[in-house]
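Input: a single structure, listed below in structure tokens.
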Amino acid sequence: MPELPEVETVRRGLANGVVGRTLQATRVLHPRATRRHEPGPDAFAVGLDGRQIASIDRRGKFLWFTFADHGDALVAHLGMSGQFRILVDADGLDSHVRASWQLDDGRLLAFRDQRTFGWLLLSPWTTGQGGDIPTAVSHIGRDPFDPDFDSEGAARALAKSHASIKRGLLNQRHVSGIGNIYADEALWRAQVHPDTPASVLQAEGCRRVIAAATEVMTEALAVGGTSFDPLYVTVNGDLGWFARSLDAYGREGQPCRRCAAAIQRQRFTNRSSHFCATCQTLAED
DNA sequence: AGGGCAACCTGGGGGC
DNA sequence: TGCCCCCAGGTTGCCC
């Protein structure tokens, strides 16, 4: 479940379901799941067994488990298709489960990932302003749901770039958590063409785009995120309901809900941008 | 510096 | 039925 509202939905499910539990019998069922854990899958398992979960935390699309012993964090990225599922028995352990744990209350925790772009690793901590963060996440900027997110600062940083605003939103450095769906939705709401250079928008324009992204992601989180299919579900397997509220993403050829012109789809770096060419204006340098 | 693109994967859907 | 091509909520890195 890839973008911020979906990852936060997963975080909440894990926080409710596994905090206080102890991980046991770590199993790595696919080598790609721990490919970023340099010491390898065996060391990964040894590093987790017997550890009690203290909290589930998140920055942008990166999740991590903090343990009561204050040791290395378990960092997870869901990639394009990763899920965490809490199971009452082993019946749900299908062929897409890449790692699993026995919990000390008899239930199972499973990491499923059809496309295997997701990953798990154990990470030490880096100390920075505002506290500690796993080193594996320290290159990611704060997200708009972070109480310490500096919207003005992020807008100023974005506006220094001559790259397109869409590229700036997808870059996780200054603002994290925004992916292809919410970038397109934010730009539609702010009436900004995705190819507009961030520098042309200036800090004020970037601030308005960030505000639109925050607004749309807040609305999506309230209904459990966007699920086009059962690849994107909560820890209990429930779907999110925001897909029906999308204004731009996936609406190629359908009328703009603001001006009725047909929504366009344009290729953008091996993916797609969806926008209204009539009411999302493009300013040039 | 910024854009393009391939790499890493599995699987669904449409066209023929 | 099958095959082939395109598509997909991400990230990284390399090449011009």
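Residue numbering restarts at 1 for every chain, and letters A, B, ... go by the order of the sequence lines.
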Of the nucleotides C:dT11, B:dT10, B:dG3, which has the atom closest to the A:Gln114 side chain?
B:dT10
Determine the contact category for A:Phe228: base if any of its heavy atoms lies under 4.0 Å from a base atom, sugar-phosphate if only primed atoms, P, OP1 or OP2 are that close, otherwise nothing.
base
Assign A:Arg267 to base, sugar-phosphate, or nothing according to its heavy-atom contacts below 4.0 angstrom with the strands shown.
sugar-phosphate
Base, sugar-phosphate, or nothing: which does A:Thr116 touch, judged by heavy atoms less than 4.0 Å apart?
sugar-phosphate
When the distance from CZ of A:Arg32 to P of C:dT12 is rounded to whole Å, what number comes out?
14 Å
So what does A:Asn180 hit on the nucleic acid, given a heavy-atom distance under 4.0 Å: a base, only sugar-phosphate, or nothing?
sugar-phosphate
With sugar-phosphate meaning primed atoms plus P, OP1 and OP2, does A:Arg173 contact a base, only sugar-phosphate, or nothing at under 4.0 Å between heavy atoms?
nothing
In whole angstrom, give the distance that lies between atom NE2 of A:His139 and atom P of C:dG13.
9 Å
Quick check: are there more than 12 heavy atoms from other residues, nucleotides or ligands sitting under 6.0 Å from CZ of A:Arg27?
no
Distance check: side-chain N/O of A:Arg167 vs OP1/OP2 of B:dG3, anything under 4.0 Å?
yes
Are A:His193 and A:Thr281 linked by a side-chain donor-acceptor pair shorter than 3.5 Å?
no
Please find out if less than 6.0 Å separates the ring center of A:Phe228 from that of A:Phe242.
no
With the six-membered base ring of C:dT11 as reference, does the ring of A:Phe117 sit under 5.5 Å away with planes under 30° apart?
no
Expressed in angstrom and rounded to an integer, what is the separation of A:Arg35 atom CZ from C:dT11 atom P?
12 Å
What I want to check is whether the side chains of A:Tyr232 and A:Ser81 have a donor and an acceptor closer together than 3.5 Å.
no
